[in-house]
Structures are given as C-alpha cells and as structure tokens.
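Inspection log for the structure reproduced underneath, given as structure tokens.
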Number of protein chains: 2
Amino acid sequence: MAQIAIEASRPYAVHIGPGLLTELPQPDGPTVILSDSTVAPLYADRLSNLRTSDPIIVPPGEDSKSFATLERVLGELANAGLDRSGTLLALGGGVIGDLGGLAASLYMRGIEVIHCPTTLLSMVDSSVGGKTAVNLASGKNLAGTFKQPQAVYADVETLGTLEIEELRSGFGEVIKSALIGDADLLEWIEPQTEACLAGDPEVLTEIVTRCVRVKARVVSADEREAGRRKVLNLGHTFAHAIEQVAGYGEIPHGVAVAVGLVLALEAGAEIQLLEDSSLPGRVGDLLEKLGLPRNLDELRERSGNSLAPPALQRAMSLDKKSAQGSPRFVLVRRAGSVEPDSPLNEGLIESLLTPR
Amino acid sequence: MAQIAIEASRPYAVHIGPGLLTELPQPDGPTVILSDSTVAPLYADRLSNLRTSDPIIVPPGEDSKSFATLERVLGELANAGLDRSGTLLALGGGVIGDLGGLAASLYMRGIEVIHCPTTLLSMVDSSVGGKTAVNLASGKNLAGTFKQPQAVYADVETLGTLEIEELRSGFGEVIKSALIGDADLLEWIEPQTEACLAGDPEVLTEIVTRCVRVKARVVSADEREAGRRKVLNLGHTFAHAIEQVAGYGEIPHGVAVAVGLVLALEAGAEIQLLEDSSLPGRVGDLLEKLGLPRNLDELRERSGNSLAPPALQRAMSLDKKSAQGSPRFVLVRRAGSVEPDSPLNEGLIESLLTPR
C-alpha cells in the first residue's frame with residue numbers, strides 16, 4: 001500500500017495497492033458510480049458496501065469519450081436527483097476517468113469526483129493530475145477541463161482481469177514516466193518483463209507507485225500546463241496524430257504513445273540533443289519484450305494501417321500543444337531528463353515518419 | 001462611461017457606456033467572434049477594426065443553449081485553427097454569453113473569453129460573475145462552469161435596436177438587483193419608466209452601472225456560490241420552474257424572473273419575514289408600468305399557458321439550488337436586504353402558485 005500526495009490547488013491523495021476497492025470510505029453526499037459495461041460486472045460489486053444510486057453504465061472504448069455520451073451521463077445524474085453536494089465515482093479506465101471527470105466538472109457547475117482507475121494506463125497517467133476531456137471530430141481531447149479529484153484509489157488487483165493487450169498498452173505510459181523522471185525504473189523493469197505481463201500485484205504496485213511519483217512531482221509544480229507539465233506530453237504529439245489518422249480507438253493510446261516515444265527519441269538523436277545514443281535501441285528492445293511495436297513501421301505492419309506521413313503531419317499541426325500552428329515537441333536528453341519545448345523542422349518530421 | 005472592477009480569482013473590469021464596441025482593444029492571440037444571426041448583422045461590423053477569424057453564428061434564442069450547439073461551436077473553433085493562446089469574443093445576449101463562456105472554458109481546457117453583452121438582461125446579470133451553462137432536457141443551466149472573462153464591454157447603444165419585449169424583460173433582473181442591494185434604484189426608476197423603455201442611453205448607462213455594482217459586490221465576496229452569492233437567485237427558483245414548465249424559450253427569462261420576484265415577495269409576506277408590507281404592491285405597480293406581468297395569474301393569461309401548480313412544484317424540486325431535494329428560497333426583508341436560504345413549506349408554495 002502506498003499513498004502519494006498531490007499538491008494541486010486542491011490537494012488530494014493517490015492510494016495504490018491490492019484490494020483497495022473494498023475499503024473505500026463513504027463519500028459525502030449522494031453518490032453515483034460511472035462505469036462501463038466491461039468493468040461494472042467485474043468490480044462494481046466490490047463497492048457494494050457504499051451507499052450509491054444505480055450505476056451509470058456506458059459502452060467500453062474510446063467512442064464513449066464523445067459529446068453525446070457526456071450529455072447522456074449528465075442527464076442521468078439529473079435523473080438520479082443528484083444535487084450539488086453529490087459525488088461521482090469513476091470506476092474504469094482512462095475513458096471513464098476523462099468522461100467522468102468532465103461530467104463532474106460540468107454538472108451543476110461542479111460536483112466532487114473520485115477516481116478508481118482499473119487499467120494500468122489510467123493508474124499511472126490519466127487518473128492523476130486533473131485533466132478531463134472528450135474528443136471532437138476535429139481532434140482528440142479538444143474539449144475538457146482541469147478538475148482535481150477528491151481522491152484516487154488505484155486497486156492493482158483490477159489489473160488481474162485486464163486483457164493482455166490493454167496491460168501491454170499501459171506500459172507505453174510507464175516507459176514514458178521512466179524517461180521523464182525515473183531512469184532507475186527502466187533498469188528495474190528490464191529484467192522482469194514477464195512478471196509485469198503476468199500481472200504480479202507486488203511488481204505492479206511498485207511500478208504504479210513510481211510512475212505516480214513522477215507525475216505528482218510534475219503536476220504539483222504546474223497544475224494547468226503553463227510550462228513544466230508539458231514534459232508529460234513526451235511522445236504524445238506523435239501519438240495523438242497516429243490515433244487520429246488511424247481513427248480513434250483503432251490503435252490503443254498506450255501503443256501509440258510507445259511508438260511516439262521512439263519517434264521522440266529518434267528526433268532527439270537526429271538533432272543531437274540526445275546524449276545517450278544507445279537509448280532508442282534500449283527502449284525499442286524493452287518495448288519488444290513487453291509485446292509492443294518497437295517503431296512506427298512495426299506499428300504499420302501490425303495495424304494494417306499505412307499511417308501516411310502527410311496525414312500524420314496534418315494532424316500534428318492542429319495538436320493543441322502547438323503554439324500558433326507550429327507543433328512543439330518534448331524531447332529526451334537522457335533517461336530521466338527531458339527538454340519540454342523543442343521545435344522540429346518539417347523535413348526532419350517527414351523523414352522520421354517515412355517508412356524505411 | 002463607467003468602469004467597475006470585479007474582484008474574482010481572476011480580477012477583471014466591466015466597462016459600461018455608449019459606443020464601446022468600436023473602441024475595443026485587440027485581444028491577445030487569434031480571436032474568434034461568437035454571435036447569433038440577429039445580433040451579428042447589426043453589430044459585428046462595429047468590431048471590424050479588430051483582427052478576427054470569420055465569426056461563428058448560431059441561431060438566436062434559448063434553443064442554442066444546447067449540447068448540440070456547444071459541440072458545433074467547439075468544432076468551429078477547431079476548424080478556425082484556434083490554439084490555446086486564442087480568445088473567444090461573445091457578442092450577443094445571455095444565450096451567447098452562457099454558451100460562449102462555456103465553449104471558452106472547454107476548448108483545449110480553457111481559452112480567454114471577452115463578453116460584449118447586447119441585451120439589458122445580459123448587461124446587468126449574465127455577463128458578470130463568470131457563470132456559464134447550457135440546458136439539459138432535465139433542467140435549465142444544469143451543465144456549466146465558472147469561467148471569469150478577461151473583460152466585459154457593455155455598449156448601451158446596442159439596446160437601441162433591442163425588441164421592446166426583450167428590453168422590458170431585462171427589467172426583471174434590474175428590479176431584482178434593486179431588491180437585493182440598491183433600494184434607491186427602485187425610487188430612481190419609478191418616475192422614468194418611459195425613458196427606460198425608450199432606450200435613453202444616459203438612463204440605461206446609469207441603470208446598468210448600478211446593477212453591475214450590486215452584482216460586483218456579491219460575486220466578489222463569493223465567486224463560486226458557496227454562500228452569499230445565492231442572493232442573486234432571488235425569484236429564480238420560481239422563474240426556472242416557470243420557464244421549464246412553459247418549455248424553454250416560450251417565456252422570456254426576465255419575465256419569468258419578474259413574476260418570480262413577486263412570488264418571493266408574497267412568500268416573504270406570508271411568513272412575516274417581509275418588513276415592508278407595501279413592497280409587493282409597489283413592485284407590482286412598477287412591473288406594470290414597465291409592461292411586465294404583475295403576478296403569476298397575469299403571466300398565465302398573457303402566455304396562454306396554465307402553468308399548473310403541481311408541474312411547477314415538481315420542477316422546483318430538481319432546481320439545482322435545492323439541498324437534498326428540498327428547495328431553498330431567497331426572500332426579501334425590505335428593499336435592498338434579502339435572506340438567502342429560507343425553506344418554505346409545501347402547502348405555502350402550493351397556495352402561492354394556485355390561481356386566484
């Protein structure tokens with residue numbers, strides 16, 4: 001069991017460990033659970049000692065991060081008679097956390113939200129830091145808020161039922177966290193990728209805790225992404241373009257991030273910012289051992305999607321991290337140290353994206 | 001010309017006077033105007049010295065305070081290539097301000113908004129204080145945020161083209177402001193209702209300024225409606241129920257508020273909280289001179305809607321100001337002094353709502 005404090009405008013704690021769901025304290029005021037039809041049958045029962053209204057259940061997957069689903073969730077909160085003293089308990093992966101956090105931001109101009117992430121990806125990344133969002137036709141996460149939760153409970157036991165592909169995908173964000181702020185974590189994972197993929201609760205508690213610690217440090221210093229927080233977008237400008245071009249939900253976010261990390265490492269090597277020339281290969285090897293594509297070409301092959309360079313470049317130019325239309329990139333100096341705001345010229349980007 | 005400072009988490013100024021639209025300073029970053037198809041042809045030209053993208057135009061009226069329109073506006077901001085450094089300039093009445101403020105809250109998790117209210121109602125009320133919202137099928141303003149603008153410019157010249165019914169309606173919120181915090185304003189308006197309705201710029205500048213001063217005092221003390229700000233809801237629990245039962249947009253908000261004020265005064269008289277027994281009659285007379293219904297029965301007659309008491313009571317029980325299902329009311333002690341959080345028993349409410 002670990003507990004990590006997040007120092008935001010509204011401070012809160014992230015609790016990490018096996019079995020936490022059965023120990024949740026009763027939230028103040030009327031409480032509604034939001035979950036999806038994959039997670040709810042598996043884990044909603046573990047919350048049965050809490051007094052809650054009937055859970056709101058949405059379909060699993062990225063399609064639920066839509067305006068239509070958001071409106072439906074808000075309508076169901078109203079139908080449940082929830083008032084301003086209410087709490088929304090988001091039980092599920094990143095989609096549920098992003099959607100639930102946004103619904104809680106908006107319903108009656110703000111009720112409490114508690115996150116119970118049930119995927120590796122949401123435990124190490126999306127449940128911490130207060131970002132919420134839904135997608136627009138024009139781009140991913142283009143509508144959202146900053147909404148700090150009351151608390152986060154990451155019960156690593158829920159990772160035991162995660163589909164292996166989803167567990168693998170989560171390691172995209174894990175490797176990102178290591179590259180941003182915990183070089184030792186790379187070394188720590190390398191010899192035990194099998195235990196990682198077998199869902200070993202002790203190994204996963206350690207990994208989640210270390211990743212949340214990296215994220216806590218970053219978001220505590222920069223809650224609203226004015227500056228330093230941008231480092232968390234390592235690999236994400238590429239990843240969002242990949243996800244958008246493939247069609248939302250076609251390529252898991254963590255897989256796109258894994259490939260985005262490799263592209264960012266390659267870019268850093270090209271402009272000689274990267275001090276450790278062995279790092280791209282080392283990260284590629286680790287991704288391979290974790291069953292993830294080691295580069296963009298391998299992702300093209302696996303996904304059967306050509307991910308054409310011009311389409312990827314167009315998608316990047318609207319990325320919300322871009323300043324006045326010219327995308328900026330987070331690049332790596334060495335494991336554990338990144339450069340947050342680098343421009344890259346179009347020619348270099350094009351060559352990185354071109355099939356070899 | 002008047003300028004009133006709002007002391008919120010993000011301080012800003014409300015500028016009030018004739019001709020302000022032609023003097024707007026250029027906002028920082030790329031700027032998009034949001035307006036409706038009634039206001040844009042009349043006043044978008046006055047902003048033509050600003051560098052902006054093509055305006056986003058939505059249909060006039062309450063129906064545009066919807067999730068569907070919000071999604072469309074966000075999509076158009078993306079299509080215009082607006083990035084995080086952008087500004088949305090909301091030119092129009094309360095619907096445009098509420099919708100535009102919410103779109104600015106959400107687009108890329110927050111861009112700047114500048115309000116240019118063009119109706120009396122939005123000048124004295126909705127453009128100041130940072131509340132944004134759209135309606136849900138279950139209730140009015142159920143989805144929204146608190147979003148403080150960068151500045152507000154209330155050009156009273158725009159009131160010259162306001163339909164007389166809309167100008168009248170705005171006086172519902174004006175009388176509310178007087179009852180909450182400016183007893184002298186009632187006396188000041190009483191002898192010059194004709195100048196008010198003729199759109200006299202000097203008279204209207206004075207009225208808007210005094211109302212904004214009342215609102216500034218209240219919202220500066222309580223930005224997020226934790227306590228004192230509730231006084232601004234004087235008449236609104238009744239008004240929202242009236243609007244919902246009649247169908248959004250059927251009865252203008254200010255007209256519903258005017259009738260809500262009378263109901264609140266009557267309720268205060270019934271429970272002997274109201275110290276000045278002549279006040280309901282005096283306010284009724286003033287409303288009549290302004291061409292507004294002097295009570296609920298007169299509204300029923302004018303609107304041709306029966307506004308049945310049981311339907312109104314049901315609508316009130318979901319009002320977002322209710323604590324755990326039992327609605328609370330703002331009531332008047334005397335002009336300029338209100339009691340923010342009074343329960344009323346069901347029997348009394350029913351008798352207030354029953355046709356005489």
Side-chain angles (χ1 to χ4, degrees), chain A residues 9 29-30 66-86 101-111 130-147 223-226 230 317-328, chain B residues 9 29-30 66-86 101-111 130-147 223-226 230 317-328:
Chain A
S9 54
S66 69
F67 246 72
T69 310
L70 176 62
E71 184 174 17
R72 198 197 113 197
V73 170
L74 291 167
E76 294 201 24
L77 293 173
N79 294 344
L82 211 69
D83 66 20
R84 284 186 180 176
S85 68
L102 183 51
S105 291
L106 294 177
Y107 186 66
M108 295 189 174
R109 299 198 183 91
I111 59 170
K131 281 192 181 182
T132 80
V134 293
N135 302 321
L136 297 180
S138 329
K140 199 172 148 65
N141 294 332
L142 279 181
T145 56
F146 289 93
K147 169 76 178 175
E223 184 175 346
R224 294 184 72 97
E225 200 162 15
K230 286 184 189 149
S317 74
L318 185 69
D319 188 279
K320 67 186 175 307
K321 260 71 70 183
S322 73
Q324 315 274 357
S326 135
R328 316 288 289 189
Chain B
S9 52
S66 68
F67 246 72
T69 310
L70 176 63
E71 184 174 18
R72 199 198 112 197
V73 171
L74 291 166
E76 293 200 24
L77 293 173
N79 294 343
L82 210 71
D83 65 21
R84 283 185 182 178
S85 67
L102 183 51
S105 292
L106 294 178
Y107 186 66
M108 293 188 176
R109 299 198 184 90
I111 60 171
K131 281 192 180 182
T132 80
V134 292
N135 302 321
L136 298 179
S138 329
K140 200 173 149 66
N141 294 332
L142 280 180
T145 57
F146 288 94
K147 168 77 178 173
E223 184 174 345
R224 296 184 71 96
E225 200 162 16
K230 285 182 189 151
S317 73
L318 185 70
D319 187 279
K320 67 187 174 309
K321 261 69 71 182
S322 72
Q324 315 274 354
S326 136
R328 315 288 288 190

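Hydrogens, waters and symmetry mates play no part in the numbers below; they use all other heavy atoms, side chains included. Here is how names work: the chains are called A, B, and so on, in the same order as the sequence lines, proteins then strands, and each is numbered from 1.
- The greatest number of non-hydrogen atom pairs below 4.5 Å with chain A, out of B:Ala103, B:Ser105, B:Gly86, B:Ala143, is found for B:Ala143.
- Closest of all the heavy-atom pairs between B:Tyr107 and B:Leu82 is OH-O, 2.7 Å.
- For A:Thr145, the parts sitting under 4.5 Å from any heavy atom of chain B are the backbone and the side chain alike.
- There is no contact between B:Ala137 and chain A, counting heavy-atom distances below 4.5 Å.
- For B:Arg84 (side chain) and B:Gly110 (main-chain N/O), no donor-acceptor pair under 3.5 Å exists by modelled atom type.
- For the set A:Leu77, A:Val134, A:Leu74, the count of heavy-atom pairs under 4.5 angstrom toward chain B peaks at A:Leu74.
- Proximity to chain B is limited to the side chain of A:Leu136, based on heavy atoms less than 4.5 angstrom apart.
- Closest approach of B:Thr132 and B:Gly101 over heavy atoms only: CG2-C, 3.5 Å.
- Taking every heavy atom of both residues into account, A:Ala78 and B:Leu142 meet most closely at CB-CD1, 3.9 Å.
- Residues forming a side-chain contact (heavy atoms from CB on, under 4.5 Å) with B:Thr69 (at least two apart in sequence, or on another chain): B:Val58, B:Ser64, B:Ser66, B:Val73, B:Leu99.
- Only the side chain of A:Leu102 comes within contact range of chain B, with heavy atoms under 4.5 Å apart.
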